[in-house]
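Structure first, commentary second.
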Amino acid sequence: MRAMQQVDIDGIFLEVRHIPATGQAGSGGAPLVFLHEGLGSVAMWRDWPASLCAATGRAGWLYSRQGYGRSSPVPDVRGAPHQQADGTRAGRLLPDYMHREALQVLPRLLARLGIAQPVLVGHSDGATIALIHAAHHPVTACVVMAPHVMVEDISVQSIDEVRRAYESGDLRQRLARYHDDIDVAFWQWNDVWLSPAFRDFDIRQEVRGIGAPLLAIQGLDDQYGTLAQLDDLAAAVPQAQLLKLPDCGHSPQRDQPQAVNAAIAGFLRDL
């Protein structure tokens, strides 16, 4: 994997990494663009993106959203949401934060990277961002792991438990290595998910606009969502292929990497 780059998106510097395609199979095909989870970053993907790129013969791009990894921080992350003099955002995330990422930030980033119709590969919040983007923009395909198409009680309860672990356990220390400002990374995600206004988040009608091939993966032991997430997604997107993995929690790429890589490689090979 090449060294870190930064891409300027309207005054916000986003951490970006590129994985070149290898072998004859990598001579063509849209690149994979990886969209991380709510506490993720480029580094938190670890070596899985490289293994998936190798399995599919495609190039890959990873980036950290604002406030995560080595990307620009969010000023006053727990304050009232507001716009600074230079036009950049500050304060808490609003309930539409995934729409803003999918419809404003991601299109600009893809244009800067010269990518027209990527294969989006998203996990958790990143999976939801991928679905929203694919509902409004052309993509070659969309792969989502543990997506959130609506907010469930199990999600809020688990995220509240994470808050307690962050405040009184060792979670903060364990996550700090992956982010320049761990408090920004944690609270922008945790605060919005636990806000009353976010309980109405629901994209089950919106995803009906997805026309691209779609593969949705979820673990049977996902502690952040029930299988209603996948079933409701399939009801809205008839062409969706589902993979429900046993012995697998919220992160299929960590718990079942071989099964996930085989499924995604087969899915893309059949396009």
Side-chain angles (χ1 to χ4, degrees), residues 34-41 44-46 48 64-65 67-68 92-93 95-99 101-102 120-132 142-172 174-175 178-179 182 185-204 206-207 214-236 240 242-257 259-260 263-264:
F34 294 84
L35 306 174
H36 64 75
E37 62 185 299
L39 287 177
S41 65
M44 275 197 70
W45 283 111
R46 301 175 187 170
W48 178 71
S64 297
R65 299 193 295 274
Y68 296 96
R92 295 189 182 206
L93 289 178
D96 67 349
Y97 75 99
M98 288 189 279
H99 280 83
E101 191 71 27
L120 297 179
V121 181
H123 173 225
S124 193
D125 275 21
T128 304
I129 292 166
L131 292 172
I132 296 169
C142 192
V143 177
V144 294
M145 301 179 295
H148 303 286
V149 297
M150 77 293 197
V151 178
E152 296 181 283
D153 289 343
I154 186 176
S155 306
V156 175
Q157 291 164 4
S158 293
I159 290 171
D160 191 47
E161 291 175 6
V162 173
R163 177 187 59 81
R164 292 194 293 271
Y166 186 81
E167 290 178 327
S168 59
D170 67 346
L171 180 59
R172 186 180 188 280
R174 289 190 286 115
L175 289 174
Y178 300 111
H179 305 281
I182 181 54
F186 183 83
W187 289 117
Q188 67 172 343
W189 165 77
N190 197 261
D191 280 341
V192 69
W193 265 91
L194 296 183
S195 65
F198 193 68
R199 294 305 298 262
D200 294 331
F201 178 84
D202 190 329
I203 61 168
R204 285 174 290 186
E206 187 172 5
V207 295
L214 172 64
L215 172 63
I217 303 170
Q218 188 169 357
L220 297 182
D221 304 317
D222 190 340
Q223 67 272 39
Y224 289 93
T226 72
L227 292 176
Q229 300 285 348
L230 253 61
D231 294 337
D232 287 2
L233 178 59
L242 304 186
L243 176 61
K244 301 175 181 179
L245 290 170
D247 302 316
C248 181
H250 187 60
S251 301
Q253 76 279 11
R254 297 177 193 167
D255 295 347
Q256 298 281 359
V260 168
I264 296 174

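The residues of the chain are indexed from 1 along the displayed sequence.
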**Item:** Check: Trp193 ring centroid to His148 ring centroid under 6.0 Å
**Value:** yes

Determine yes or no for a side-chain-to-main-chain donor-acceptor pair under 3.5 angstrom, with [X] supplying the side chain and [Y] the backbone.
| X | Y | value |
| --- | --- | --- |
| Ser168 | Arg164 | yes |
| Gln256 | Asp247 | yes |
| Gln218 | Gly225 | yes |
| Gln229 | Val149 | yes |
| His36 | Arg65 | yes |

All salt bridge (charged side-chain N to carboxylate O under 4.0 Å, His left out) counterparts of [X], not counting sequence neighbours:
| X | value |
| --- | --- |
| Glu101 | none |
| Arg163 | Asp160, Glu167 |
| Asp153 | Arg199 |
| Asp232 | Arg204 |

Could I get the full list of side chain to side chain donor-acceptor pair (under 3.5 Å) partners for [X], not counting sequence neighbours?
| X | answer |
| --- | --- |
| Glu206 | His99, His136 |
| His179 | none |
| Glu37 | Arg254 |
| Ser195 | none |

Which heavy atom in [X] sits nearest to a heavy atom in [Y], and how many Å separate them?
| X | Y | answer |
| --- | --- | --- |
| Pro147 | Val144 | CG-CG2, 4.0 Å |
| Asp255 | Gly249 | OD2-N, 2.7 Å |
| Leu39 | Ala185 | CD2-O, 3.8 Å |
| Tyr178 | Ser41 | O-OG, 3.3 Å |
| Leu243 | Ala263 | CD2-CB, 3.5 Å |
| Leu230 | Ala216 | CD2-O, 3.7 Å |

**Asked** Checking side chain to side chain contact (heavy atoms under 4.5 Å, CB included) for the pair Leu227/Leu242: CA distance, chi angles, key distance, verdict?
**Response** CA-CA 10 Å; Leu227 292 176; Leu242 304 186; over 6 Å; no

**Item:** Set of ring pair (Phe, Tyr, Trp, His ring centres under 6.0 Å) partners for Tyr224, sequence neighbours left out
**Value:** His250

**Message:** Holding to ring pair (Phe, Tyr, Trp, His ring centres under 6.0 Å), I want the full list of residues that pass it with Tyr166, two or more places apart in sequence or in another chain.
**Reply:** Phe186, Trp187

Can you measure from [atom1] ([X]) to [atom2] ([Y]) and round to the nearest 0.5 angstrom?
| X | Y | atom1 | atom2 | answer |
| --- | --- | --- | --- | --- |
| Leu93 | Met98 | CG | CE | 9.5 Å |
| Trp45 | Ser251 | CH2 | OG | 9.0 Å |
| Ile182 | Tyr68 | CD1 | OH | 9.5 Å |
| Leu233 | Ile203 | CG | CD1 | 7.5 Å |
| Cys248 | Met145 | SG | CE | 9.5 Å |

**Asked** Would a 4.5 Å heavy-atom cut-off, applied to side chains only, mark Leu120 and Ile129 as touching?
**Response** no

**Item:** Any side-chain heavy-atom pair of Val192 and Phe201 under 4.5 Å
**Value:** no

**Item:** Qualifying residues under side-chain contact (heavy atoms from CB on, under 4.5 Å), relative to Ala228, sequence neighbours excluded
**Value:** Met150, Glu152, Thr226

**Contact list for residues 123-132, test salt bridge (charged side-chain N to carboxylate O under 4.0 Å, His left out), sequence neighbours left out** = none

**Message:** If you apply the rule side chain to side chain contact (heavy atoms under 4.5 Å, CB included), what do you find for Val151 with Asp202, and how did you get there?
**Reply:** CA-CA 7 Å; Val151 178; Asp202 190 329; over 6 Å; no

